[in-house]
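Report on one structure; see the data block that follows.
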Amino acid sequence: MNDMAVPGKGYISIARNCLFSARSCLSSENYGRAYANYLLFLKLVPNRREEVMEDFITAMRKWTDKLEGDGRIDHLFKCYDQACEVVPDCVAILNNIGAQLFRLGYIEEASLYIRKAIHINPNYVAAKQNLENINSHLVERWHFRMLNDIARNCAYRAAVNSAVQEGHQSILDIGTGTGILSLYAVEAGAPQVYACEQSKTMYNIAKNVLQANKALENISLLCKSSAELCIPRDLPNRVTLVVTETFDAAVFGENIISILRFLYPGLQNLDIGDMTIVCTTGSTAEDPYTTENLSTIDKGFKILSNVCTLSSVDFNDLQELDKLHNGVEWKLEMAIHKTGKLDAIALWFDLHLDEDIFITTNPTKKNCWEQSIFPVLPAHFRQSKNAPAQPSKEKYVKEKLNSNIHLPLLDMCYGLSPLGIQNIKNGFTGASIVIREELHDMFYRLAQINDIDMDYLNLVDPKDISQLQDEHSVIICDIVEPSGILRQRILEDLALLRVNCLSGNGKILPGRVTVHGVCVESEELQRDSSVVNDDRTCGFKIAKYINKYQLSTHEDICFSTLCHTKLTEPFQLLSFDLNETLQDNKPPSFLEQAIEVKVKVIESGHVTAIIFWFEMEILPGYLVSTIDSCFHWKQAAVMIGPSPNLIPTQELTLGVTLQNSCIDIDIVHISDVPI
């Protein structure tokens with residue numbers, strides 16, 4: 001089809017037939033033929049592009065999804081080439097291609113398509129959000145916090161310099177990241193420096209950083225895992241000093257033991273028997289703990305015991321590494337000195353870089369680290385007194401929904417939501433539950449414990465939402481992620497479900513949603529989102545190269561503990577009603593909004609970000625806000641680029657966009673307000 005010449009005589013008739021066939025095939029869900037006919041139509045009459053683009057995009061998305069599902073990747077790539085040849089500047093198609101490539105694991109290629117879409121239309125919110133997801137995948141967010149930690153960087157610089165002055169001339173930097181530890185080694189005068197990094201993206205960042213700092217010729221940079229290193233192919237001889245950043249918040253979670261055991265003699269011909277270790281962080285999905293920055297927990301925490309030392313580990317002792325690799329069980333008795341409920345055991349550590357220099361992850365000290373949290377279930381050292389009964393909303397909600405319980409309920413809260421089971425007990429005839437397949441057995445167990453007949457339940461995988469056709473009286477949805485942003489494509493899913501499976505007088509809960517915001521200046525947010533400047537990294541040029549991967553939307557903010565200055569009063573960004581009356585087959589207005597909001601400055605400063613949160617009206621008179629600390633939600637922020645110094649006599653005009661379930665905000669205009 002790519003080589004087909006544009007017909008001459010009679011092309012109008014051919015184009016008309018193509019369009020008829022394309023629409024007929026799309027209606028009958030024959031997406032492959034619909035795509036092919038639309039493609040030919042666009043080749044024949046490109047001037048009628050706007051007439052068919054929406055349907056062509058739909059046909060292509062459906063067809064490429066099927067090709068992906070069938071594993072026909074070669075055909076998938078051919079579709080990309082064909083579409084980009086005919087409509088090379090369609091941002092929606094470029095964005096869809098990028099999103100699909102990202103799902104398939106072609107991360108770098110996905111980034112190219114998404115960036116091209118943004119280059120064509122810098123305000124295309126869906127592409128900007130996809131680029132955020134890609135950047136977050138390519139460069140983990142903790143890089144920014146660590147590189148901004150001046151105390152940490154100076155400690156490593158001093159420790160590496162001290163080791164080189166003591167005689168360590170050959171150095172291996174494992175998981176080099178941006179290459180900062182290798183730069184310290186070259187600065188200290190080490191003649192042989194080797195660095196390995198298995199992430200292609202981080203390898204490219206490190207290469208640019210080393211080049212910018214005129215150190216690339218002094219450092220042998222390898223794009224591979226330390227497990228792949230081999231003498232003499234990669235290193236001519238053994239090294240005497242290893243520096244690495246392969247520790248996580250609980251010390252051992254980043255396979256540090258396996259890595260160091262591998263580096264000792266007898267494995268892959270890599271002999272590093274007389275080495276010294278300098279080390280720090282990371283994370284893995286398999287760890288039996290979570291991580292938190294205890295210093296930013298809302299309402300704080302109470303320590304019930306004294307701080308105790310669990311263990312001390314020498315990473316230069318091969319026998320000790322072997323022992324740890326085979327598994328070690330530590331037992332520690334901790335005296336409880338305060339009354340309270342034991343929710344978790346928190347762990348942090350001191351990392352000794354040499355005899356005199358160390359860094360700590362202690363939450364009472366200012367540092368870039370989180371602590372590892374091991375949940376404890378349930379252990380009470382004192383039975384709490386019964387709290388006074390609070391007014392229950394359950395009866396109120398049940399009464400309000402009572403007229404709709406003759407049809408099933410659709411629970412779109414995702415995760416292990418109990419609402420479907422609860423409402424069956426309240427009288428609903430059944431419930432459809434949108435839940436991931438790996439949670440199905442756990443959910444059935446929950447239903448069994450509550451004496452719910454399985455026949456009342458219909459478990460639906462999130463990817464199959466579009467196939468739902470049964471009529472439901474109520475759709476309950478948690479539209480906000482725990483991290484504070486809208487769930488991906490939640491508004492598009494709800495628009496579809498309103499048409500496909502909501503009864504005529506059915507309701508979506510929540511109904512009306514209002515998004516609130518406030519402009520703030522916050523150095524803490526800036527440190528978590530980008531490398532502030534090269535002074536943070538001891539003068540080495542790093543910020544320019546890693547900040548290309550910074551995010552414009554910052555999630556998981558605890559606003560109540562965030563260090564900040566409010567530059568405005570809280571204000572309304574936008575609002576929408578999920579139960580709005582639809583008119584003339586037009587799509588719901590909540591799918592896309594673009595408005596301007598004016599807000600007065602009340603405090604001098606530079607706008608770092610606009611923090612936002614959601615207020616949801618579950619039922620008339622029953623409001624829930626995601627900024628309320630009694631709920632599970634955190635807040636999110638849109639980061640604002642460098643802004644001029646604001647003063648209280650000024651007014652901001654903000655451009656607010658809601659598109660593809662994504663919110664984007666920028667400063668459109670700054671004006672003086674007459675006194």
Side-chain angles (χ1 to χ4, degrees), residues 283-292 297-298 341-344 373-379 392-394 397-398 401 405 408-468 470 472-491 493-494 497 501 508-510 555-556 578 614 616 618-619 622 624-626 628-636 661:
S283 66
T284 67
E286 294 82 13
D287 298 327
Y289 52 85
T290 184
T291 61
E292 291 284 350
I297 289 181
D298 188 35
K341 175 187 173 184
L342 178 60
D343 293 314
I373 306 298
F374 295 81
V376 175
L377 299 175
S392 173
K393 297 287 186 181
E394 182 178 330
V397 173
K398 182 178 177 181
L401 296 179
I405 63 175
L409 169 145
L410 174 56
D411 181 357
M412 284 187 60
C413 292
Y414 301 93
L416 198 62
S417 168
L419 293 178
I421 291 175
Q422 179 181 343
N423 281 284
I424 289 175
K425 294 176 76 73
N426 284 344
F428 273 81
T429 58
S432 296
I433 314 295
V434 179
I435 185 171
R436 299 191 310 276
E437 187 174 356
E438 60 266 27
L439 296 176
H440 284 196
D441 289 343
M442 194 180 301
F443 190 87
Y444 281 131
R445 175 61 179 155
L446 181 63
Q448 187 179 35
I449 292 173
N450 287 275
D451 299 320
I452 300 296
D453 192 322
M454 303 304 173
D455 291 338
Y456 289 107
L457 296 171
N458 172 33
L459 303 193
V460 181
D461 193 272
K463 68 177 183 296
D464 297 325
I465 286 177
S466 61
Q467 306 302 317
L468 276 172
D470 295 337
H472 295 75
S473 58
V474 177
I475 298 176
I476 298 179
C477 54
D478 186 353
I479 66 170
V480 181
E481 293 278 10
S483 63
I485 63 171
L486 285 171
R487 291 189 182 276
Q488 189 172 27
R489 293 195 61 80
I490 184 64
L491 300 182
D493 287 341
L494 289 173
L497 292 171
C501 60
I508 296 176
L509 306 181
E555 304 173 33
D556 277 315
L578 296 175
F614 299 83
M616 297 172 283
I618 307 300
L619 289 167
Y622 183 14
V624 170
S625 175
T626 64
D628 193 328
S629 61
C630 71
F631 294 115
H632 65 286
W633 293 289
K634 296 288 185 69
Q635 293 74 53
S661 300

Let me confirm one number: the [atom1]-[atom2] distance from [X] to [Y], rounded to the nearest 0.5 Å.
| X | Y | atom1 | atom2 | result |
| --- | --- | --- | --- | --- |
| Ile424 | Asn450 | CD1 | CG | 10.0 Å |
| Ile476 | Cys413 | CD1 | SG | 6.5 Å |
| Ile452 | Ile421 | CD1 | CD1 | 6.5 Å |
| Cys501 | Leu468 | SG | CG | 5.0 Å |
| Leu416 | Ile433 | CG | CD1 | 10.0 Å |
| Glu437 | Phe443 | CD | CZ | 15.0 Å |

Can you spot which of Leu497, Val434, Asp493, Ile508 makes a side-chain contact (heavy atoms from CB on, under 4.5 Å) with Cys477? Ile508
Atom of [X], atom of [Y] and distance for their closest heavy-atom approach:
| X | Y | value |
| --- | --- | --- |
| Ala636 | Ile485 | CB-CG2, 3.7 Å |
| Pro510 | Ile618 | CB-CD1, 3.8 Å |
| Ile373 | Ala344 | CG2-CB, 3.5 Å |
| Phe428 | Pro408 | CD2-C, 4.3 Å |

Look at the rings of Trp633 and Phe631 and say which category their plane angle falls in: under 30° parallel, 30 to 60° tilted, over 60° perpendicular.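 Answer is tilted, since the angle falls between 30° and 60°.
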Side chain [X], main chain [Y], donor-acceptor under 3.5 Å:
| X | Y | answer |
| --- | --- | --- |
| Asp464 | Val460 | no |
| Thr626 | Phe614 | yes |
| Ser432 | Leu410 | no |

side-chain hydrogen bond (donor to acceptor under 3.5 Å, both in side chains) partners of [X], counting only residues at least two apart:
| X | result |
| --- | --- |
| Ser483 | Glu555 |
| Glu481 | Arg487 |
| Glu438 | Arg436 |
| Gln448 | Arg445 |

Any salt bridge (Lys or Arg N to Asp or Glu O under 4.0 Å) involving residues 450-462? Give me the pairs, sequence neighbours left out, ordered by first then second residue. Asp461-Lys463
State which residues pass ring pair (Phe, Tyr, Trp, His ring centres under 6.0 Å) with Tyr456; sequence neighbours excluded, sorted by chain then number.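 By the ring pair (Phe, Tyr, Trp, His ring centres under 6.0 Å) rule, Tyr456 matches no residue at all.
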Are the side chains of [X] and [Y] in touch, meaning some heavy atoms are under 4.5 Å apart?
| X | Y | result |
| --- | --- | --- |
| Tyr414 | Ile490 | yes |
| Leu494 | Ile479 | yes |
| Leu491 | Leu578 | yes |

Passes side chain to side chain contact (heavy atoms under 4.5 Å, CB included), Ile465 versus Arg489? Steps please. CA-CA 12 Å; Ile465 286 177; Arg489 293 195 61 80; over 6 Å; no
